[in-house]
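Just so we're on the same page: letters track the sequence lines, and every chain starts at 1.
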Amino acid sequence: MPEGHTLHRLARDLRRDLKGSTVHAASPQGRFADGAAQLDGRVVTGTEAYGKHLFLAWDSGLLLYVHLGLIGKFRRKPAPLPDPQGEIRLRLATDDVAWDLSGPMTCTIDTPAIRTRLLAKAGPDPLRRDAEPDRFVTGLARRSSPLAVALLDQSLVSGIGNVYRAEICFLAGIHPLVPAREVSSEDAKVLWVLSVDLLTIGLRLNRIVTRDPQEVGLRSPSRISDDERLYVYKRDGEPCRRCHTTIVWADVGGRRVWWCPRCQPQSARRPSPRRQPVLT
DNA sequence: TACATATGATCAT
DNA sequence: TGATCCTATGTAA
């Protein structure tokens, strides 16, 4: 679940449910009992996402910092509040709703300095208005690693994960294994704009959809089925949705990346990118 | 029942 | 590069 859009969606949903409320906090699983005790009975004063980082501010002046990692989840449970199911590290509850956190990579209480430290080494986040795309463009030009590796590096760009990186390369028409520094600044800008567009759709739908709805004969990405919503991610052995060439994959730094050998050739000569339409 | 896998990241070797 | 952490789910045995 968790690429950047998930965390921004959580920040928004948690804000709507909890901001200004006195919260009952508990750690049913027990591994965050001390932390939950510190939060219990306090008021949430704000929420924020930056890339895959999530912060909840409290009236104590402290921050709850959450990183979901690969398997973490933060699930909403409307009243009547059910008993916690499974390994719930933290439950934040009001009379109306409970939020259950399970499997986070990080869940800590800290001073606001933690946020400053984290943001200082984070690349621009396509979902934030204060993002500086130039940091991505110039940073990319300095990397010798494959583009696919660079796109997962959160110090270069914040919020892209394994699904979006494959899909962004496809839509840009760029082979994921090309050295990042060989990507022209023009193409780097295209990669940035694609990131903004795709993550924005993901935030709105709370689901990753990269497919152009018109290709499927639909008006909105919200109607695209799970089977049809992606171009290349995990589609090895299947035909490209645009040219029918068989999708292939490779291991890059321990993680798989998929691409269409024809739509994303290694050579510099390639079809001009077809951008996803921006949705309002 | 066991194993593989997952949209992540860090630490050790 | 590999091991490790966190949890849930799907598939194989």
A.B. asks: Of the listed nucleotides (C:dA8, B:dG8, B:dA6), which one gets closest to any side-chain atom of A:K234?
C.D. replies: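 When the side chain of A:K234 is considered, B:dA6 is the closest of C:dA8, B:dG8, B:dA6.
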A.B. asks: Mind checking A:E87 for me? I need base, sugar-phosphate or nothing, with any heavy atom below 4.0 Å counting as a touch.
C.D. replies: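 Sugar-phosphate, no base atom in range.
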A.B. asks: Whether the side chain of A:Q214 engages the backbone of A:R219 through a donor-acceptor N/O pair (distance < 3.5 Å, no angle test) should be reported.
C.D. replies: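 Flag not set: sc A:Q214 to bb A:R219 has no pair under 3.5 Å.
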A.B. asks: Side chain of A:R31 only, please: which of B:dT7, C:dC5, C:dA8 is the nearest?
C.D. replies: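 The answer is C:dC5, which lies nearest to the side chain.
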A.B. asks: Strictly under 6.0 Å, is that where the ring centroids of A:Y164 and A:H5 end up?
C.D. replies: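 Ring centres of A:H5 and A:Y164 closer than 6.0 Å.
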A.B. asks: Mind calculating the distance between CD (A:Q29) and P (C:dT7) to the nearest angstrom?
C.D. replies: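 The distance from CD of A:Q29 to P of C:dT7 comes to 5 Å, rounded to the nearest Å.
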A.B. asks: For A:K73 and B:dG8, give me the distance from atom NZ to atom C1', rounded to whole Å.
C.D. replies: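 Interatomic distance, NZ of A:K73 to C1' of B:dG8: 12 Å.
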A.B. asks: Quick one: which of B:dT7, B:dA9, C:dC6 gets closest to the side chain of A:H67?
C.D. replies: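 The closest nucleotide is B:dA9.
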A.B. asks: What donor-acceptor contacts under 3.5 angstrom involve side-chain atoms of residues 251-260 of chain A, with partners at least two apart or in another chain?
C.D. replies:
{"unit_1": "A:D251", "atom_1": "OD1", "unit_2": "A:R255", "atom_2": "N", "d": "3.3"}
{"unit_1": "A:W258", "atom_1": "NE1", "unit_2": "A:D236", "atom_2": "OD1", "d": "2.7"}
{"unit_1": "A:W259", "atom_1": "NE1", "unit_2": "A:H175", "atom_2": "NE2", "d": "3.1"}

A.B. asks: Closest to the A:Q154 side chain: C:dC6, B:dA9, B:dA6?
C.D. replies: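 It is B:dA9.
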A.B. asks: Over how many whole Å does the gap from A:L151 atom CG to B:dG8 atom C1' extend?
C.D. replies: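 My rounded result for the distance is 16 Å.
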A.B. asks: Whole angstroms only, please: what is the CH2-P distance between A:W249 and B:dT7?
C.D. replies: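 From A:W249 CH2 to B:dT7 P: 13 Å.
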A.B. asks: Does the side chain of A:E215 pick up a donor-acceptor pair with the side chain of A:Y231 at under 3.5 Å?
C.D. replies: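 Side chains of A:E215 and A:Y231: pair found under 3.5 Å.
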A.B. asks: Among B:dT7, C:dT7, C:dA8, find the nucleotide with the atom closest to the side chain of A:I71.
C.D. replies: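 Nearest to the side chain of A:I71 among the choices is C:dT7.
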